[in-house]
There are 2 protein chains.
Amino acid sequence: MPEQDTPQLIKETARKLFQEKGFSATKTRDIAQTAGINLALVNYYFRSKKQLYDVIMLETIEHFMAGMLQILNDTSTSIHEKLENFVSSYINLLRQNPEIPLFMLNEFSQHPQEISAKVPFFKEIKQSVFLQQFEAEVAKGNFKAINSLHFMLNVASLTIFPFIAKPIVQNVLQVPAPDFDELMQERKKYIPLWIKNMLWVK
Amino acid sequence: MPEQDTPQLIKETARKLFQEKGFSATKTRDIAQTAGINLALVNYYFRSKKQLYDVIMLETIEHFMAGMLQILNDTSTSIHEKLENFVSSYINLLRQNPEIPLFMLNEFSQHPQEISAKVPFFKEIKQSVFLQQFEAEVAKGNFKAINSLHFMLNVASLTIFPFIAKPIVQNVLQVPAPDFDELMQERKKYIPLWIKNMLWVK
DNA sequence: TTTCGTTTAAAACAAATGTTTAAAACAATT
DNA sequence: AATTGTTTTAAACATTTGTTTTAAACGAAA
């Protein structure tokens with residue numbers, strides 16, 4: 001028998017709705033009705049819609065960042081291994097939560113300074129072992145000397161964007177869901193190779 | 001003296017607001033107040049907020065697609081030239097309208113079938129000369145034999161994603177606006193090279 | 001069983017929000 | 001100047017929406 005943890009039920013229902021439709025389009029009555037609970041309970045447990053949203057947004061970002069820094073700061077792996085681990089781990093995450101990137105990017109787009117202040121650990125990427133290793137490879141002449149921001153943007157772009165574009169790929173380009181999923185699986189292998197080919201000095 | 005074309009004024013004000021905050025978060029009174037016109041005029045000229053939104057969304061997508069098919073179907077250019085033209089032209093467009101991708105992607109994410117039905121010309125990419133040339137290069141053994149969807153996704157990802165991530169790059173990674181702009185300029189040259197390096201058979 | 005703190009429910013409230021109405025202002029035509 | 005069609009305005013309307021209130025239901029402790 002599933003034990004009824006009301007605040008948890010509210011949070012999970014709200015998370016789904018907020019991620020699907022955004023803050024303004026999600027109504028407190030939607031949340032209550034979808035969760036099958038009384039309207040007043042949303043405010044009873046979370047004081048306001050905005051506070052509920054903030055909790056969910058922070059948890060989402062933490063969830064999204066959780067494994068990232070560990071992979072990028074692992075001193076026992078090479079940059080190539082980190083690249084493979086990062087891409088593979090994130091494609092797995094995004095296959096299960098394809099709505100997260102758009103949800104987060106909308107928040108950063110609409111309240112950049114507020115949300116940036118709340119997630120300081122995002123900055124740690126800049127000082128990560130991963131980026132130090134990248135700079136080292138550049139210094140050794142193994143990688144082409146591009147701004148490390150290009151490097152980061154390329155990895156993030158190739159990994160994340162296809163999931164944001166998923167509705168276009170599936171509905172406009174008519175790619176069936178299983179095919180899309182297989183493509184994303186393939187990218188686990190491809191992206192690290194592509195990145196290396198992009199940067200390799202020949 | 002700027003002649004007062006009220007419907008145009010409403011449309012441009014609403015476009016800015018819708019693209020910034022989305023449909024639900026934009027209130028008709030926002031539009032009226034920002035445009036400096038009477039509230040009733042929104043409904044007088046566009047019947048409803050939803051119809052105004054639909055007009056703007058369609059115009060935005062048309063604006064976004066306008067030059068694309070011309071470049072991709074130009075029979076007088078090579079695939080390499082098309083790549084350069086596409087990337088360069090789109091980075092220019094996105095530098096001036098960085099909000100368009102997120103605006104469109106949200107719409108596709110929230111109403112995939114409705115919006116897909118309204119923009120049939122999106123499909124034409126699949127039959128473009130650009131993709132035919134890609135397949136030809138693959139057949140000739142000049143390019144690695146990957147699914148053309150990967151190819152399209154890679155070009156789109158590397159070109160578009162950085163603009164979606166702009167608020168993160170600027171506010172979290174603390175990159176000043178002029179630096180960001182310069183990075184995007186650099187990508188006009190880089191992306192075509194990167195794409196070729198990714199695919200080239202060595 | 002009574003008591004007491006916690007949780008849930010129904011209803012109400014106040015503010016907001018999209019839309020309509022009806023009259024006034026305007027501009028062109030007769 | 002009077003008429004006519006169009007545009008703009010102020011006000012009102014009907015819902016929607018976030019939140020609060022008040023009381024009922026519940027469950028554990030005495």
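- Within the 4.5 Å cutoff, the side chain of A:I146 has heavy atoms near those of the A:F134 side chain.
- Summary of helix geometry: the two end axes of the helix from C:dT1-D:dA30 to C:dT30-D:dA1, each defined by five base pairs via their C1' atoms, are inclined to each other by 10° (rounded to 10°).
- Using a 4.0 Å heavy-atom distance criterion, A:Y45 is classed as a sugar-phosphate-only contact.
- The CG atom of B:L39 sits 12 Å away from the C1' atom of C:dA16 (whole-angstrom rounding).
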| task | Show your working on side chain to side chain contact (heavy atoms under 4.5 Å, CB included) between B:F151 and B:N154 and close with a plain yes or no. | result | CA-CA 5 Å; B:F151 177 61; B:N154 291 351; 5.8 Å; no

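- Residue B:A40 has its side chain nearest to D:dT9 when only D:dG18, D:dT9, C:dT19 are considered.
- The separation between B:N38 atom CG and C:dA25 atom P is 14 Å, rounded to whole Å.
- Between B:I61 and B:M57, some side-chain heavy-atom pair lies under the 4.5 Å cut-off.
- Among the nucleotides C:dT19, D:dT19, D:dT8, the one closest to the side chain of B:Y44 is D:dT8.
- With respect to A:E12 and A:R15, no salt bridge is recorded, no charged nitrogen being found less than 4.0 Å from a carboxylate O.
- Side-chain atoms of A:F64 and A:N97, non-hydrogen and from C-beta on, never get closer than 4.5 Å to each other.
- Taking a 6.0 Å sphere around NE2 of A:H80, one finds it holds more than 12 heavy atoms contributed by other residues, nucleotides or ligands.
- Atoms CG (A:N43) and P (C:dA15) sit 16 Å apart, rounded to a whole Å.
- Taking atom CZ on B:R47 and atom P on C:dT21, their separation rounds to 12 Å, with Å as the unit.
- Between B:K11 and B:E59 there is a salt bridge, with a side-chain nitrogen of the basic residue lying less than 4.0 Å from a carboxylate oxygen of the acidic one.
- For residues 23-30 of chain B, proximity to DNA chain C is found at B:T26, B:K27, B:T28, B:R29, defined as any non-hydrogen atom under 4.0 angstrom from a strand atom.
- Atom CZ of A:F46 is separated from atom P of D:dT20 by 15 Å (rounded to the nearest Å).
- Of the candidates C:dT20, D:dT8, C:dT8, the closest approach to any side-chain atom of A:L41 belongs to C:dT8.
- B:F18 places its CZ atom 12 Å from the C1' atom of C:dG18, with the value rounded to the nearest Å.
- Contact of the A:K126 side chain with the B:Q174 side chain is registered, since non-hydrogen atoms from C-beta on lie closer than 4.5 Å.
- Of the candidates D:dT8, C:dT20, C:dT8, D:dT8 carries the atom nearest the B:T6 side chain, counting heavy atoms from C-beta on.
- Counting heavy atoms from C-beta on, the side chains of B:T60 and B:E107 never come closer than 4.5 Å.
- In this entry the distance linking CD1 of A:I31 with P of D:dT19 reads 10 Å, nearest Å.
- Protein atom CD1 of A:I10 is 13 Å distant from nucleotide atom C1' of C:dA9, rounded to whole Å.
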